[in-house]
Participant: 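What follows is a single structure, and I will ask about it in a moment.
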There are 2 protein chains.
Amino acid sequence: MQKKEYTKLMDNATATHQARLFKALMHPVRIQILELLRGGEQCVCHLEAYLDLRQAYVSQQLAVLRKAGLVSDRRDGPNSYYQIARPELLQLLDLARTMVCPEGSTLAKHRVTCPCPRCNPSRDEAIQTRILKLKEELPC
Amino acid sequence: MQKKEYTKLMDNATATHQARLFKALMHPVRIQILELLRGGEQCVCHLEAYLDLRQAYVSQQLAVLRKAGLVSDRRDGPNSYYQIARPELLQLLDLARTMVCPEGSTLAKHRVTCPCPRCNPSRDEAIQTRILKLKEELPC
DNA sequence: TTAGTATATTCCTTTTTTTGCATATTGCAA
DNA sequence: TTGCAATATGCAAAAAAAGGAATATACTAA
């Protein structure tokens, strides 16, 4: 039997890192979160409303994505905003989608009530103007 | 709070299928198998030798890839040959590798002894000629 | 300080994967 | 048929992930 010298195509460490990346993506909710982040950063309550999931659960899934280095977070007052940290992720998701979803499935519509500042600019604005008004009324 | 009509970016079914694809790829051994299949089909004993893993274990991992529709198999005599069924997979793996492995890691060399017919053409040939010789010696 | 909103984490149970081991199957030749 | 080589499958224990529930933290406003 022939004994051959063989240069490995890939070392174990790389394969393990790659597997870790796929592991972070192997969950439907995490994929949907990344899809929602496609258009830019979103706060947790927005994801919660749009996916119709409990807050703690969304936070757990975000923690998995964060620990895998796939998303980054930023605090703004009471809200946390998450965004995609690796733009190549979107290519990866696009490629995966073409592989599993050949037929253009029709996307469902549904109603959401999201409490986040971005979804409620008027409400936020109203609060801000009321605050300003009150401040003006105060004696210096 | 505003109530908005929202067209889902992705239906649950698609996300689930995508997750299933990533699930099949979330294992280092399966990734290494796919890398070995990059150059074309290989038999099980070849993978076994090149990855230095037990036969039953390689077969199990191949079964996962097969059930996910990522590889196809073909029987040729006593050997089973596997090949990549979805060429887009290679793109996916390439993209994933660039994401996790920025520094060009040096690939290790190692010696393998593979018993498969392709790795031992001379041995196979020798057997074949011996068979032919024996047949000639037989009285019709 | 207290209360309320937004978010994160910890603990625990259930389910799914992993992995080793034994065994079954298949194809071929004697 | 028997025996052997190559491959596949079934089973069980260990490890990991999923998901629910309670709780902790952070910030803001009163």
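In this text the structure is predicted, and so the values were computed from the model without any measurement. Excluded from the calculations below are hydrogen atoms, water molecules and symmetry mates; all remaining heavy atoms, backbone and side chain alike, are included. Just so we're on the same page: letters track the sequence lines, and every chain starts at 1.
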Participant: Measure up the Phe22(B) and Phe22(A) rings against each other and bin them: parallel (under 30°), tilted (30 to 60°), perpendicular (over 60°).
Facilitator: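 Because their plane-to-plane angle is under 30°, the rings of Phe22(B) and Phe22(A) count as parallel.
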Participant: Can you check the Met26(B) CE to dA18(D) P distance for me, whole Å?
Facilitator: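 Checked: the CE to P distance equals 8 Å.
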Participant: Quick one: does Gln61(B) reach the base of dT18(C) with a side-chain donor-acceptor pair under 3.5 Å?
Facilitator: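 Looking at the base of dT18(C), it does not pair with any donor or acceptor on the side chain of Gln61(B) (distance under 3.5 Å).
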Participant: Check this one for me: any side-chain N or O of Arg30(A) less than 4.0 Å away from OP1 or OP2 of dA18(D)?
Facilitator: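 Indeed, a polar side-chain atom of Arg30(A) lies that close.
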Participant: Within less than 4.0 Å of OP1 or OP2 of dT9(C), is there a side-chain N or O belonging to Tyr57(A)?
Facilitator: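 Tyr57(A) to dT9(C) OP1/OP2: no side-chain N or O under 4.0 Å.
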Participant: Do any side-chain nitrogens or oxygens of Asn79(B) fall under 4.0 Å of OP1 or OP2 in dG27(C)?
Facilitator: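 It does not, given that no N or O in the side chain of Asn79(B) lies less than 4.0 Å from OP1 or OP2 of dG27(C).
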Participant: For His46(A) and dA6(C), is the shortest distance between a side-chain N/O and OP1 or OP2 below 4.0 Å?
Facilitator: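 No, outside the criterion.
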Participant: Specify the separation, in whole Å, of atom CZ of Arg54(B) and atom P of dA22(C).
Facilitator: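 After rounding, the reported distance stands at 10 Å.
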Participant: Does the distance from a Lys or Arg side-chain N to an Asp or Glu carboxylate O, for Glu35(B) and Arg30(B), drop under 4.0 Å?
Facilitator: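 No, no charged N to carboxylate O under 4.0 Å.
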Participant: Check this for me: does the side-chain of Gln55(B) come within 3.5 Å of the base of dA8(D) through a donor and an acceptor?
Facilitator: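 Such a pair exists between side chain and base.
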Participant: Would you please confirm or rule out a distance under 4.0 Å between OP1 or OP2 of dA6(D) and any side-chain N or O of Tyr81(B)?
Facilitator: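 For dA6(D), neither OP1 nor OP2 has a side-chain N or O of Tyr81(B) closer than 4.0 Å.
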Participant: Run the salt bridge (charged side-chain N to carboxylate O under 4.0 Å, His left out) check on Arg74(A) and Glu41(A) step by step: do they pass?
Facilitator: CA-CA 9 Å; Arg74(A) 174 179 77 80; Glu41(A) 64 173 15; 2.5 Å; yes
Participant: Do the side-chain N or O atoms of Ser80(A) get closer than 4.0 angstrom to the phosphate oxygens (OP1, OP2) of dA8(C)?
Facilitator: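 Indeed, a polar side-chain atom of Ser80(A) lies that close.
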